Amino acid sequence: MAIVYEKSKALTDAEMHYCPGCTHGIIHKLVAETLVDLDVLGKSIGVAPVGCAVFAYDYFNCDMHEAAHGRAPAVATGIKHVLPDRTVFTYQGDGDLAAIGTAEIVHAAMRGEKITTIFVNNAVYGMTGGQMAPTTLVGQKTTTAPFGRSFEHYGAPIRMAELLATIDGAAYIERVTVTTPAHIAKAKRAIKKAFQIQDEGLGFTMVEVLSTCPTNWGMTPVEALSWLNETMIPAFPLSVFRDITKKEK
Amino acid sequence: MAGNVTFRQDRCKGCGLCVHVCPVKIIFLDETVTNRKGYHPATIVEMDRCIACANCARMCPDSIITVERL
């Protein structure tokens with residue numbers, strides 16, 4: 001009997017604390033599988049955020065560092081400068097990366113830090129109970145926008161992938177999702193490419209992954225997948241926004 | 001092509017994503033069982049219909065599914 005699929009050895013045996021059907025777990029697997037595929041697990045250092053993924057340091061089977069809220073790119077910068085031969089990644093949510101940590105991520109990209117950021121965007125503050133985030137869609141109901149986000153009062157969602165793609169220091173920026181097995185395969189290719197570009201020393205890399213939050217969206221896990229596909233993807237289009245390896249060819 | 005799927009049922013959160021992506025629709029949440037977390041875990045009875053595609057395992061957020069090809 002041949003094993004077709006089993007839990008990656010880059011994940012610890014710890015039970016994940018995520019809510020049922022939350023796609024954080026799928027994104028963790030893709031990062032873990034990539035570290036094994038590229039044979040960099042032993043030299044990888046991850047930086048965990050504040051937010052739902054705060055316990056990510058318990059789940060990855062490599063060296064991990066916890067950062068203050070939003071400061072993962074700054075911590076990763078320090079690690080990469082001291083240990084330039086290591087593979088360094090940050091794993092951040094939208095509250096961490098697109099709200100309190102916007103300055104850190106923009107400046108890490110501007111400096112062209114040779115790190116990989118996995119940006120998990122679920123359009124809501126998950127851990128604190130579903131408040132409106134900078135990524136919340138116009139009209140989307142949250143606990144702090146019970147009638148839906150109003151453009152007039154709160155503006156429209158920030159598109160971090162597009163924003164960071166305008167920065168010269170960024171080498172690879174792509175937005176993917178994990179709502180179907182086909183999207184999962186595509187997301188894995190994107191994550192793998194980002195890590196490869198980091199190891200080639202070409203610059204800052206980020207993969208934004210659209211993720212579900214069934215609990216705070218008030219949906220079943222399967223309904224959340226369709227809501228993401230139908231409502232979130234039109235606002236956050238899936239695409240490669242920057243890839244300097246293509247220009248060189 | 002036949003497959004064999006094993007679930008670590010004590011860790012299942014009953015989210016049903018595996019049920020949703022199974023192309024042959026053989027996975028279901030077993031309502032006769034409640035695991036230590038309080039969920040009805042995913043299970044398969046008609047294992048002979050499994051095609052070993054591993055969609056369920058790739059989709060499982062908690063990595064509790066192992067798929068073998070027979």
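Quick caveat, the model's predicted, so the values are computed rather than measured. Chain identifiers are assigned alphabetically (A, B, ...) following the order of the sequence lines, protein sequences preceding nucleic acid strands; residue numbering begins at 1 within each chain.
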Structural part of [X] lying under 4.5 Å from a heavy atom of chain B:
X       : answer
T179(A) : backbone
I3(A)   : both
A14(A)  : backbone
I27(A)  : neither
L11(A)  : side chain

Test item: side-chain donor near acceptor, [X] and [Y], under 3.5 Å:
X       : Y       : result
T117(A) : T90(A)  : yes
Q131(A) : T128(A) : yes
D94(A)  : T135(A) : yes

Trace of the side-chain contact (heavy atoms from CB on, under 4.5 Å) decision for T177(A) with L238(A): CA-CA 8 Å; T177(A) 188; L238(A) 307 181; 3.8 Å; yes

Plane angle bin for F89(A) and F60(A) - parallel if under 30°, tilted between 30 and 60°, otherwise perpendicular: perpendicular

Parallel, tilted or perpendicular: ring planes of Y59(A) versus H17(A), cut at 30 and 60 degrees: parallel

Neighbourhood of chain A inside residues 4-11 of chain B, taking heavy atoms under 4.5 Å as contact: R8(B), R11(B)

Residues in residues 56-63 of chain B that sit under 4.5 Å from chain A, counting heavy atoms only: A57(B), R58(B), M59(B), C60(B), P61(B), D62(B), S63(B)

Y91(A) side chain reached by V47(A) side chain, heavy atoms, under 4.5 Å: no

Min side-chain heavy-atom separation D37(A)-K188(A) under 4.5 Å: yes

Audit row: T136(A), T142(A), side chain to side chain donor-acceptor pair (under 3.5 Å) steps and yes/no: CA-CA 8 Å; T136(A) 297; T142(A) 68; 5.6 Å; no

What residue in [options] has the most heavy-atom pairs under 4.5 Å with chain B?
options                  : answer
H28(A), K29(A), K7(A)    : K29(A)
A185(A), S8(A), P20(A)   : P20(A)
P181(A), C22(A), P214(A) : P181(A)
L225(A), T23(A), T220(A) : L225(A)

Greater than 12 external heavy atoms within 6.0 Å of D13(A)'s CG: yes

Residue K141(A) excluded, over 12 heavy atoms near NZ under 6.0 Å: no

L70(B) versus chain A, the contacting section by heavy-atom distance below 4.5 Å: both

Side-chain ion pair, E15(A) and K37(B), N-O less than 4.0 Å: yes

Steps toward side-chain contact (heavy atoms from CB on, under 4.5 Å) verdict (T212(A), W217(A)): CA-CA 8 Å; T212(A) 63; W217(A) 293 354; 4.0 Å; yes

Steps toward side-chain contact (heavy atoms from CB on, under 4.5 Å) verdict (V88(A), Q198(A)): CA-CA 8 Å; V88(A) 181; Q198(A) 177 193 163; 4.1 Å; yes

